[in-house]
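Below is one structure; the comments refer to it alone.
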Amino acid sequence: MKDLASHAATPRFLICRPQHFAVTYSINPWMDPNAWAGNGEVLHARAMRQWDGLRRTLRASGGVIETVEPRPGLPDLVFTANAAVVLDRKAVLARFLHPERQREQPVFAASFRALQARGLVDDVVEMPNGVTLEGAGDCLWDRSRALFWIGSGFRSDAAAQHVIEREFGVPCLPLALADPHFYHLDTAFCALPSGDVLYYPAAFTAAALEIIHAHVAPAHRIALGRADAVRFAANAVSVGLTIIMSSCSDALRRALAERGYAVAKTPLQAFLRSGGSACCLTLRLDHVSAATASATVSPKASSTTAA
Ligand code: ARG
């Protein structure tokens with residue numbers, strides 16, 4: 001665990017200020033535009049405060065922040081996890097299912113071109129026509145296993161797996177989702193850098209659970225109960241040994257503490273009204289695959305061998 005903390009590169013997060021965040025349409029069971037409209041100003045102010053709290057927590061854990069410029073009329077642009085899948089300085093831009101969110105695609109594309117111009121990513125590519133993949137919301141990097149877990153069933157196509165395997169040259173494990181409340185993989189699944197996996201079993205099909213159980217040893221499984229699942233405790237951001245989330249039960253906090261993790265709670269209930277929380281509001285830009293990681297940490301070792 002010490003190695004994990006000391007070898008970690010500076011985490012870099014893409015986020016978007018919730019200036020224009022609101023619930024104005026409904027594309028998942030959490031979104032109720034009427035309930036939002038009834039108290040819109042108060043809820044918007046709360047979202048702004050809660051997002052500032054998340055940004056502070058990310059910075060306090062050692063994260064560096066990059067931002068997407070907010071746009072009127074794009075209330076879900078705050079969920080930058082959905083912008084792209086990023087690994088080894090390459091970004092595969094999202095292709096959204098719903099027209100409401102397809103309008104975000106050119107904004108995220110321009111943001112990634114700007115990151116490329118600044119030298120923060122090397123390649124920016126698009127998903128093929130007709131294949132939907134809602135970015136890291138449905139495609140989670142598992143550092144300890146050096147693979148992507150990829151979700152499908154509500155938003156992203158199962159065929160996206162082959163695109164991701166081809167683009168990044170790493171394996172993908174497909175997980176079909178079963179409960180519309182957990183419509184993106186990151187709402188019910190979180191792979192921690194130590195190999196532990198937080199997941200809500202009822203969100204998955206029987207076939208998906210078999211895949212999880214085949215790849216995650218029992219000692220590494222942290223199964224959430226419904227109470228933690230519905231507050232999106234699995235929608236967490238891990239930075240070294242800190243796990244940032246909106247809230248969780250004492251039992252979950254203890255289970256994580258036993259494994260050496262500290263939970264940093266930062267309330268994000270305003271975003272749960274849109275079906276999102278900590279992980280959805282962030283996108284890691286600095287993940288590297290095992291091959292690239294060992295090439296970067298041991299350049300001397302490899303040149304010695306070559307000499
Ligand atoms: N309202 C947004 C949607 O339904 C929430 C997206 C949450 N993002 C995530 N990565 N789970 O698309």
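Excluded from the calculations below are hydrogen atoms, water molecules and symmetry mates; all remaining heavy atoms, backbone and side chain alike, are included. For ligands, and for the atoms within them, numbers begin at 1 and follow the listed sequence.
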**Report entry** Cationic tip of Arg226 above Tyr200 ring, under 6.0 Å, 45° of axis
**Finding:** no
Query raised in the report: With a 3.5 Å cut-off and no angle check, do the side chains of Ser274 and Asp76 form a donor-acceptor pair?
Result: yes
Query raised in the report: Does any N or O atom in Ser274 lie less than 3.5 angstrom from one in ligand 1, N or O only?
Result: yes
Requested in this report: Could you tell me whether the side chains of Asp186 and His184 share a donor-acceptor contact shorter than 3.5 Å?
Outcome: no
Query raised in the report: Phe204 vs Tyr199 aromatic rings, parallel, tilted or perpendicular, using cut-offs 30° and 60°?
Result: tilted
Requested in this report: Between Met31 and ligand 1, find which residue part has any heavy-atom pair under 4.0 Å and reply side chain, backbone, both or neither.
Outcome: side chain
Requested in this report: Could you check atom 10 (N) of ligand 1 against the protein and tell me its nearest heavy-atom contact, residue, atom and distance included?
Outcome: Asp186 OD2, 2.8 Å
Query raised in the report: Between Ser289 and Asp88, do the side chains contain an N or O donor and an N or O acceptor separated by less than 3.5 Å?
Result: yes
Report task. State the atoms of ligand 1, each with its element, that fall below the 4.0 Å cut-off from a heavy-atom position in Asp76. Result -> 1 (N), 2 (C), 3 (C)
**Report entry** Heteroatom proximity flag, Asn28 to ligand 1, N/O under 3.5 Å
**Finding:** yes
**Report entry** 4.0 Å heavy-atom contact, Tyr183 with ligand 1
**Finding:** yes
Query - Sidechain N-carboxylate O distance under 4.0 Å for Asp52, Arg55 - result: yes
Report task. Provide the number and element of each atom of ligand 1 under 4.0 Å from a heavy atom of Gly137. Result -> 10 (N)
Requested in this report: If you have a sec, work out which protein heavy atom is nearest atom 9 (C) of ligand 1 and how many Å separate them, to one decimal?
Outcome: Cys280 SG, 2.9 Å
Report task. Please check if the side chain of Asp228 supplies one atom and the backbone of Cys248 the other of a donor-acceptor pair under 3.5 Å. Result -> no
Query raised in the report: Looking only at N/O atoms, are Glu134 and ligand 1 under 3.5 Å apart anywhere?
Result: no
**Report entry** Atoms in ligand 1 flagged as close to Arg101, the criterion being non-hydrogen separation under 4.0 Å
**Finding:** 2 (C), 3 (C), 6 (C), 12 (O)
**Report entry** Donor-acceptor side-chain pairing of Ser238 and Tyr261 below 3.5 angstrom
**Finding:** no
Query raised in the report: By number and element, which atoms of ligand 1 are closer than 4.0 Å to a non-hydrogen atom of Thr187?
Result: 11 (N)
**Report entry** Proximity to ligand 1 by part of Asn82, non-hydrogen separation under 4.0 Å
**Finding:** side chain
Requested in this report: List every atom of ligand 1 that sits less than 4.0 Å from any heavy atom of Arg155, numbering the atoms from 1 in the order shown and giving each element.
Outcome: 3 (C), 4 (O), 12 (O)
Query - Per-atom contacts of ligand 1 with Ile27, taking only distances under 4.0 Å to non-hydrogen atoms - result: 3 (C), 4 (O), 12 (O)
Query raised in the report: Does the ring centre of Phe271 sit less than 6.0 Å away from the ring centre of Trp30?
Result: no
